[in-house]
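For reference, the structure discussed in these notes is given below.
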Amino acid sequence: MIRLSDDDVARRLARDIPDGAYVNLGIGMPNRVASFVPEGREVMYQTENGLLGVGPAPDAGMADPELIDASKKLVTTIPGSAFFDHPTSFGMMRGGHLDIAVLGAYQVAENGDLANWATLDDNYPPAVGGAMDLVVGVPRIYIIMRHVNRDGSPKLLEKCTYPLTGLGVVSRVYTDLAVLDVTADGFRLVELAPGNSFEDVQSVTGARIAA
Amino acid sequence: MIDKRVADLAAAVAPIHDGAAVMIGGFGSAGIPYGLIDALVAHGAGGLTIISNNAGAGEEGISALLREGRVAKVICSYPRTPGSIWFERRYEAKEVDLEIVPQGTLAERIRAAGSGLGGFFTPTAYGTRLAEGKETRMIDGRGYVFEQPLPADFALIRAEAADRWGNLRFHATARNFNPVMAMAARHTIVEARQVLDGPMEPEAVVTPGIFVKSVARYAVRP
């Protein structure tokens, strides 16, 4: 199978973020999406720690140590930015004011259930952060992840085995092998990464995909 | 006359007793009252319940309290960050209890405590492990979880500027949990990068001084 790089998956997802959107990007792979939004679109990124209108990393010598994003990376403001406190930030999420959230996942089920905050290892402290608030409030939840785990086991399943973050919340999944919508009838193929066949992708997916 | 300024950080944290529930503002490295936490480590109170978004990283801040064995319980949303070695060490040794709360629910439970509310119904965590044992209700066809207010004995707050009345304003993303925690503790202690000689411009005030008990100057920015 021919797998897209993480940057190429992020680039593909970025094409689906429209001009004027208010978007929250999760930690890790989701954060890369901001680099790839096509020219000419004005997108306002929200970071849960209190900034709407997240700008790029600061130039050398211009960093403000108290101006960071949810990944704790140094960022900047842009024209139109606003600072706010935590109750306001999570009101934006739960209250349905954002358009899209891009998150990573351990597992996604065919009914849209998402598991991305805890594993089955009790020695490993769980860390939920803002994920549960985002998934209940943001209308479009886009997942960006590798199609399978490092050991080759599927992450797209009939039913999640890890503790859930939210029930029936995922809209669309972007992986290194395919883009899939979550529909009332389960996963539906939107497109294949170049060079892969439907049968290849189905063979590493733990639930049926409608072509 | 109202004057909430105290001599130094040590004087500000002196009332914190063993077993206290202490809210600590901050997210990542922004808005953490490092000066007050250092003073609390030196002060020596133990058996603390720490309410904060994270559980410290490196050797500073909440990590220092964990390292020195002062923390009995952590209530937070995201304890596991790069460098959160002291939390992980105490957690694996079962020396510290952990209560995980979704971040927005944490903020709102704190807000409820500060605002005199008896709790609220939120859709967050409905149907998940974090809602187990909690009251639920269907509202307009959607499931909600009942969450209780979360008050504290003390709050440690970092502000950009304060005046003698305890009015506060904040800097950039150092605001985060600080204003809401200032409302929710019985005794709110502030470290401010600047302590103004005169009153703060009323339009600039983010946290009104009524929520603040004491203010100490701490000019260091991380």
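We name chains A, B, ... by the order of the sequence lines, and we start the count at 1 in each one.
Neither the backbone nor the side chain of Ala131(A) comes within contact range of chain B; no heavy atom of the residue lies under 4.5 Å from a heavy atom of that chain. No part of Val206(B) comes within reach of chain A, as not one of its non-hydrogen atoms sits under 4.5 angstrom from that chain. Contacts of Leu167(A) with chain B are made by side-chain atoms alone, with heavy-atom separations under 4.5 Å and no backbone atom involved. Asp69(A) touches chain B through its backbone: at least one of N, CA, C or O sits under 4.5 Å from a heavy atom, while the side chain does not. Interface remark: Pro163(A) contributes side-chain atoms only to the contact with chain B (heavy atom separation under 4.5 Å). If you measure heavy-atom distances from Arg158(B) to chain A, the contacts under 4.5 Å come from the side chain alone. Only the side chain of Thr81(B) comes within contact range of chain A, with at least one heavy atom under 4.5 Å from a heavy atom of that chain. For chain B, the nearby part of Thr165(A) is the backbone; its heavy atoms alone come within less than 4.5 Å. Residue Phe177(B) touches chain A through both its backbone and its side chain, counting heavy-atom pairs closer than 4.5 Å.
Scanning both residues, Asn49(A) and Asn176(B), for their nearest heavy atoms gives O-CB, 4.1 Å. Taking all atoms of both residues into account, the shortest heavy-atom contact from Leu98(B) to Pro126(A) is CD2-CD, 4.2 Å. Between Ala172(B) and Asp64(A), the closest heavy-atom pair is CB-OD2, 4.3 Å. For the residue pair Ala107(B) and Pro87(A), the shortest heavy atom distance occurs at CB-N, 4.2 Å. What you find for Arg94(A) and Gly104(B) is that their closest heavy atoms are NH1-O, 3.4 Å. Counting all heavy atoms, side chain and backbone alike, Ser29(B) lies closest to Ile68(A) at N-CD1, 3.9 Å.
In this structure, the side chains of Phe90(A) and Gln103(B) come closer than 4.5 Å at one or more pairs of heavy atoms. Annotation: side chain of Asn54(B) is in contact with side chain of Lys72(A) (closest heavy-atom distance under 4.5 Å). The closest side-chain heavy-atom distance from His86(A) to Arg175(B) is not below 4.5 Å. Using a 4.5 Å heavy-atom threshold, the side chains of Asn178(B) and Asp85(A) count as separate. Taking 4.5 Å as the limit, some side-chain heavy atom of Phe83(A) sits within range of a side-chain heavy atom of Thr173(B). With a 4.5 Å cut-off on side-chain heavy atoms, Arg129(B) and Leu164(A) do not count as touching.
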Walk me through it: do Val128(A) and Leu130(B) pass the test side chain to side chain contact (heavy atoms under 4.5 Å, CB included)? CA-CA 10 Å; Val128(A) 69; Leu130(B) 294 187; 4.2 Å; yes
Test side chain to side chain contact (heavy atoms under 4.5 Å, CB included) on Phe170(B) and Glu66(A); report intermediate values, then the result. CA-CA 10 Å; Phe170(B) 300 89; Glu66(A) 294 190 307; over 6 Å; no
Could you walk me through whether Val136(A) and Arg142(B) pass the side chain to side chain contact (heavy atoms under 4.5 Å, CB included) test, one step at a time? CA-CA 10 Å; Val136(A) 298; Arg142(B) 187 170 196 205; 3.6 Å; yes
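In this structure, the side chain of Arg80(B) engages the main chain of Pro125(A) through a donor-acceptor pair within 3.5 Å.
More than 12 heavy atoms of other residues, nucleotides or ligands shown are found within 6.0 angstrom of CZ on Arg67(B). For Glu42(A), the CD atom sits in a loose shell: 12 or fewer heavy atoms of surrounding residues, nucleotides or ligands are nearer than 6.0 Å. Other residues, nucleotides and ligands contribute over 12 non-hydrogen atoms within 6.0 Å of the CZ atom of Arg89(B). For Phe120(B), the CZ atom is densely surrounded, since the number of other residues' heavy atoms within 6.0 Å is greater than 12. More than 12 heavy atoms of other residues, nucleotides or ligands lie within 6.0 Å of CE in Met138(B), so this atom counts as buried by the packing criterion. Atom CG of Asp140(B) sits in a sparse spot, with 12 or fewer heavy atoms from other residues, nucleotides or ligands closer than 6.0 Å. Shown here is Lys155(A), whose NZ atom has more than 12 heavy atoms of other residues, nucleotides or ligands within 6.0 Å. Counted within 6.0 Å of CZ on Arg193(B), heavy atoms from surrounding residues, nucleotides or ligands total more than 12; the atom is thus considered enclosed.
Atom-to-atom distance recorded for Leu134(A):CG and Thr124(B):OG1 is 9.0 Å, nearest 0.5 angstrom. Here the CE atom belonging to Met132(A) is positioned 14.0 Å from the OH atom belonging to Tyr126(B), to the nearest 0.5 angstrom.
Among the candidates Pro102(B), Pro179(B), Ala174(B), the residue making the largest number of heavy-atom pairs closer than 4.5 Å to chain A is Pro102(B). Contacts with chain B were tallied for Gly50(A), Gly129(A), Pro65(A); Gly129(A) has the most, counting heavy-atom pairs under 4.5 Å.
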